[in-house]
Amino acid sequence: MNEFISKHSCDNLVLTCMDFRFRKDIYSWLEENGYAGNYDLISLAGAQKSIVDEDTRGAVMKQVGISHDLHHAKRVILMAHQDCGAYGGSKAFDSLEQENQKYNEEMKTAEAIIKEKYPEMEVMKLLLSFNENGEVSFNEM
């Protein structure tokens, strides 16, 4: 049997925003940190917002469940990012600190929702931001 077909598990589920500005950096970060070929991917506007929002939570948690039950994922990697359009962008906040606080609060809420259903899953929370050179940095929260 084809090795690719027979290996039907992965350790991680990455939940990230669909924003094209971060895609290349996210894939590079995943590869550099040893996650390449070892994750399922959910990409939705606002990432963690899609779990916190009761209107979209069921659909997203169904995907988390598939990754957990079918692929045996042990970790969720939540990736929020600066200037997220699902939140109205950076202009929707009075300061960068207020924006970061909102993402941090919602990632903690999303983590609690995930762990309520899948208490054995680890949740890693990352905030992606642009530095002064326009490069993306990954900051664990």
Side-chain angles (χ1 to χ4, degrees), residues 2-141:
N2 181 317
E3 181 181 334
F4 180 74
I5 293 172
S6 65
K7 184 180 186 299
H8 201 193
S9 65
C10 65
D11 292 326
N12 306 286
L13 167 63
V14 176
L15 175 58
T16 186
C17 186
M18 62 185 237
D19 193 322
F20 73 95
R21 297 176 295 170
F22 296 90
R23 189 69 48 227
K24 179 181 168 195
D25 294 293
I26 288 170
Y27 290 136
S28 294
W29 184 90
L30 289 165
E31 187 169 321
E32 291 166 10
N33 288 278
Y35 296 109
N38 193 20
Y39 65 89
D40 287 329
L41 176 66
I42 301 173
S43 181
L44 296 164
Q48 70 286 343
K49 183 179 180 74
S50 60
I51 293 177
V52 174
D53 186 327
E54 291 183 12
D55 292 334
T56 54
R57 180 182 305 157
V60 178
M61 289 303 293
K62 181 176 181 179
Q63 299 306 302
V64 172
I66 290 170
S67 183
H68 175 270
D69 298 342
L70 182 62
H71 296 160
H72 313 290
K74 298 168 189 66
R75 177 184 305 110
V76 176
I77 303 172
L78 288 176
M79 293 186 179
H81 71 84
Q82 178 185 34
D83 194 36
C84 184
Y87 289 88
S90 292
K91 67 184 179 295
F93 300 94
D94 293 332
S95 67
L96 181 58
E97 292 76 27
Q98 183 188 44
E99 181 179 8
N100 290 345
Q101 182 179 7
K102 178 67 171 178
Y103 300 144
N104 189 31
E105 289 170 5
E106 292 218 335
M107 287 205 298
K108 285 181 179 178
T109 300
E111 176 182 28
I113 292 167
I114 292 166
K115 292 189 81 56
E116 181 179 331
K117 183 145 178 108
Y118 305 103
E120 70 284 0
M121 289 187 89
E122 176 187 339
V123 178
M124 175 189 287
K125 300 177 296 294
L126 298 169
L127 179 60
L128 287 60
S129 58
F130 296 109
N131 67 23
E132 59 279 351
N133 298 325
E135 299 168 334
V136 174
S137 62
F138 291 74
N139 303 294
E140 193 162 354
M141 301 182 88

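Nothing here was measured: the structure is a model prediction, and the numbers come from that model. Note that these values count all heavy atoms, side chains included, but never hydrogens, waters or copies made by symmetry.
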Problem set entry | From OG (Ser28) to CG (Asn33), nearest 0.5 Å | 10.5 Å
Exercise. Under 3.5 Å, is there a donor-acceptor pair between the side chain of Asp11 and the main chain of Lys74?
Worked result: no
Seminar exercise, completed: CD of Gln82 to CZ of Phe22, rounded to nearest 0.5 Å, is 6.5 Å
For this session: Give me the ring orientation class for Tyr87 and Phe93: parallel if the planes are under 30° apart, tilted from 30 to 60°, perpendicular past 60°.
Result: tilted
Problem set entry | Residue pair Leu13 / Leu41: nearest heavy atoms and the distance that separates them | CD1-N, 4.3 Å
For this session: State whether the number of non-hydrogen atoms from other residues, nucleotides or ligands found under 6.0 Å of Glu120 atom CD is greater than 12.
Result: yes
Problem set entry | Crowding at CD, Gln98 (>12 non-hydrogen neighbours, <6.0 Å) | yes
Exercise. Given the rule in the side chain to side chain donor-acceptor pair (under 3.5 Å) test, do Thr16 and Ser43 qualify, once you have shown the distances and angles that lead to the verdict?
Worked result: CA-CA 5 Å; Thr16 186; Ser43 181; 5.8 Å; no
Exercise. What pair of heavy atoms forms the shortest contact from Val52 to Ala110, and how long is it?
Worked result: CG2-N, 3.9 Å
For this session: Output, in order, the C-alpha distance, side-chain angles, deciding distance and verdict of side-chain contact (heavy atoms from CB on, under 4.5 Å) for Asp25 and Leu128.
Result: CA-CA 10 Å; Asp25 294 293; Leu128 287 60; 5.9 Å; no
Seminar exercise, completed: Here the gap from Ile51 atom CD1 to Met61 atom CE, rounded to the nearest 0.5 Å, amounts to 6.0 Å
Problem set entry | Contact summary for Ser50 and Thr56, nearest pair of heavy atoms | O-OG1, 2.8 Å
Problem set entry | Which atom of Ala45 lies closest to which atom of Cys17, heavy atoms considered | CA-SG, 3.9 Å
Problem set entry | Stepwise side-chain contact (heavy atoms from CB on, under 4.5 Å) check, Ile77 with Tyr39 | CA-CA 9 Å; Ile77 303 172; Tyr39 65 89; over 6 Å; no
Exercise. Is the NZ atom of Lys117 crowded by more than 12 outside heavy atoms at less than 6.0 Å?
Worked result: no
Exercise. Is it true that atom NZ of Lys102 has more than 12 heavy atoms of other residues, nucleotides or ligands lying nearer than 6.0 Å?
Worked result: no
For this session: Report the relative orientation of the aromatic rings in Tyr118 and His68; use parallel for angles under 30°, tilted for 30 to 60°, perpendicular for over 60°.
Result: tilted
Problem set entry | side chain to side chain donor-acceptor pair (under 3.5 Å) between Glu31 and Tyr27, intermediate numbers included | CA-CA 6 Å; Glu31 187 169 321; Tyr27 290 136; over 6 Å; no
For this session: Supply the atom-to-atom distance His81 NE2 to Asn139 CG, rounded to the nearest 0.5 angstrom.
Result: 14.0 Å
Problem set entry | CE (Met18) with more than 12 external heavy atoms under 6.0 Å | no
For this session: Search all heavy atoms of Lys49 against all heavy atoms of Ala86 and return the closest pair with its distance.
Result: CE-O, 3.3 Å
Problem set entry | Separation of Lys62 NZ from Ile42 CD1 (nearest 0.5 Å) | 12.0 Å
Exercise. Would a distance-only check, ignoring hydrogens and angles, find a side-chain to backbone donor-acceptor pair under 3.5 Å from Asn131 to Asn133?
Worked result: yes
Problem set entry | Glu105-Gln101 side chain donor-acceptor pair, cut-off 3.5 Å | yes
For this session: For residues Phe138 and Leu126, report the shortest heavy-atom separation together with the two atoms involved.
Result: CD2-CD1, 4.4 Å
Seminar exercise, completed: Separation between CG (Asp83) and OG (Ser129), nearest 0.5 Å, reads 11.5 Å
